[in-house]
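Read through the structure below, which is laid out as structure tokens, and then see the notes.
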2 protein chains.
Amino acid sequence: MTQKQSAKEPVLDAFERVVIERGERAATLEAVAVEAGVSKGGLLYHFGSKKDLVDGVIERISASATDYSDLLRASPEGVVSTFIRTSVTAGTDFDNSYIALTRLAQSGIYPEARAALARIETEWFDLVESEVGDPGVARLVLLVSDGLYYSSALFPDATTRTDAGSLDEVIAVVADLVRARRG
Amino acid sequence: MTQKQSAKEPVLDAFERVVIERGERAATLEAVAVEAGVSKGGLLYHFGSKKDLVDGVIERISASATDYSDLLRASPEGVVSTFIRTSVTAGTDFDNSYIALTRLAQSGIYPEARAALARIETEWFDLVESEVGDPGVARLVLLVSDGLYYSSALFPDATTRTDAGSLDEVIAVVADLVRARRG
DNA sequence: GTCTATACATGGATAGAC
DNA sequence: GTCTATCCATGTATAGAC
């Protein structure tokens, strides 16, 4: 089932890339077709409408969100640190789907995108809260994560806030916080 | 100078409203004209192009950003707490301009919007850092603020994370953190 | 399954009347 | 200073050839 729509995946990748790099507006059927190396007609055979492309992104991310949660749970460094560290986009498949989804959600035309994001964030909140045992801290961690995704996607070249050093600093600060709240 | 373009202000308000409520894509000249209660031609007399509308938002927010910084500095509760508290949109003129600007910046078509946001965030960072005296904490506070603006604008009805109670909780957590780092 | 051609609607912007 | 009418480009989607 995972690989059954092998022809569709590259098109979805292209769609996400255009949305991230040039914005939802620029992600026209034409532009996505060019990026994917197919014709407009070819694209529309696989995805009958633009909404189908959005639904495709949602389906993919719903599947990989579970894998991501498993990865966080299994992380030796701990859920919180790993969660924060991976909230700066590194261009992974998951990152790309997630950022594309936030852009689509903010464009206002796709309520399903907003709903999907809400589901994912709830899952993350529960996971973080189960580790830190404090809803206030969990909320803060989620906000930091949102801030990191937002900043790193909007300012890919920024040297403040999303570079490795700043990130380690933020993680250290949060670790201090968790300790302070426990002690 | 503040009120010299009195006819332009309502149009900019309408533009921001449509961008926030229905997305950049929906903010067509037609839609903005209807929202502002003028004709397309009437709108285009004041703003010769869509880019002019964006520039108008940037000009306005650049002016009010200074007022906002003054307000933060003068706040009895302290810069950090007030900054976080006011990062949940309350529908003020500043909030509306700021959120509209983040949407425009993410749409990718307006580099000026991105640049304006970067300037504002730098100003905020300096202000927060001067109070907490710790760049790591300042960075975290900025990320929380970004997260709050993002969440509250994307999920206006969410009862988690952006309601008054959760907000107080987050502020308390950050206050704990500032103390922990100082002591 | 992928392409070309085309229909149709909409968005940005200009010209010119009032 | 605000309106209507209109032009042109672009975006979505369909039909049908290959």
Side-chain angles (χ1 to χ4, degrees), chain A residues 1 3-59 100 103-113, chain B residues 1 3-59 100 103-113:
Chain A
M1 176 164 177
Q3 289 294 86
K4 97 172 169 210
Q5 314 107 323
S6 48
K8 289 182 157 193
E9 304 296 327
V11 176
L12 283 179
D13 290 341
F15 178 54
E16 290 175 354
R17 254 178 284 133
V18 178
V19 167
I20 293 171
E21 285 162 22
R22 287 181 271 154
E24 185 272 334
R25 188 121 191 222
T28 64
L29 299 179
E30 176 73 36
V32 174
V34 170
E35 178 80 19
V38 294
S39 71
K40 224 198 268 195
L43 187 160
L44 281 163
Y45 169 76
H46 293 293
F47 299 93
S49 71
K50 211 171 161 180
K51 189 183 169 300
D52 281 3
L53 282 168
V54 177
D55 290 343
V57 173
I58 293 175
E59 267 182 50
R103 295 285 165 80
L104 295 169
Q106 287 177 90
S107 83
I109 330 174
Y110 314 104
E112 330 86 63
Chain B
M1 176 162 178
Q3 288 295 83
K4 96 171 170 212
Q5 313 108 324
S6 47
K8 289 182 155 191
E9 303 298 325
V11 176
L12 283 178
D13 291 341
F15 178 55
E16 291 174 356
R17 253 177 285 134
V18 178
V19 168
I20 293 171
E21 286 162 22
R22 286 181 273 155
E24 186 273 334
R25 188 125 192 218
T28 63
L29 298 179
E30 178 73 35
V32 174
V34 169
E35 177 80 19
V38 294
S39 71
K40 223 201 264 198
L43 186 159
L44 282 164
Y45 169 76
H46 293 295
F47 298 94
S49 72
K50 209 171 163 180
K51 190 183 168 298
D52 280 3
L53 281 169
V54 176
D55 290 343
V57 173
I58 294 175
E59 267 182 51
R103 296 286 164 80
L104 295 169
Q106 287 177 89
S107 84
I109 330 174
Y110 314 103
E112 331 85 62

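Order of the sequence lines fixes the chain letters, A, B, ..., with proteins taken first and strands second; residue numbering starts at 1 for each chain. No hydrogens, no waters, no symmetry mates; every other heavy atom, side chains included, goes into these values.
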query: Contacts to DNA chain D from residues 15-45 of chain B, heavy-atom cutoff under 4.0 Å, which residues?
result: Arg25(B), Val38(B), Ser39(B), Gly41(B), Gly42(B), Tyr45(B)
- request: Grab the NE2-P distance between His46(A) and dA13(D) for me, whole Å please.
  value: 17 Å
- request: Determine the sole option in Val57(A), Val11(A), Leu104(A) for which the side-chain contact (heavy atoms from CB on, under 4.5 Å) test with Glu16(A) is passed.
  value: Val57(A)
task: Verify side-chain contact (heavy atoms from CB on, under 4.5 Å) between Tyr110(B) and Asp55(B), making sure each step is shown before the conclusion.
output: CA-CA 9 Å; Tyr110(B) 314 103; Asp55(B) 290 343; over 6 Å; no
query: For Asp13(B) and Arg17(B), what are the C-alpha separation, side-chain angles and deciding distance, and is it a salt bridge (charged side-chain N to carboxylate O under 4.0 Å, His left out)?
result: CA-CA 6 Å; Asp13(B) 291 341; Arg17(B) 253 177 285 134; 5.2 Å; no
- prompt: Should the pair Glu35(B)-Arg22(B) be classified as a salt bridge under the 4.0 Å nitrogen-to-oxygen rule?
  reply: yes
- line: Between NZ of Lys50(A) and C1' of dG11(D) the distance, given in whole Å, is 8 Å
query: NZ of Lys8(A) to NE2 of His46(A): how many Å apart, nearest 0.5 Å?
result: 8.0 Å
query: To the nearest Å, how far apart are Phe47(A) CZ and dG1(C) C1'?
result: 14 Å
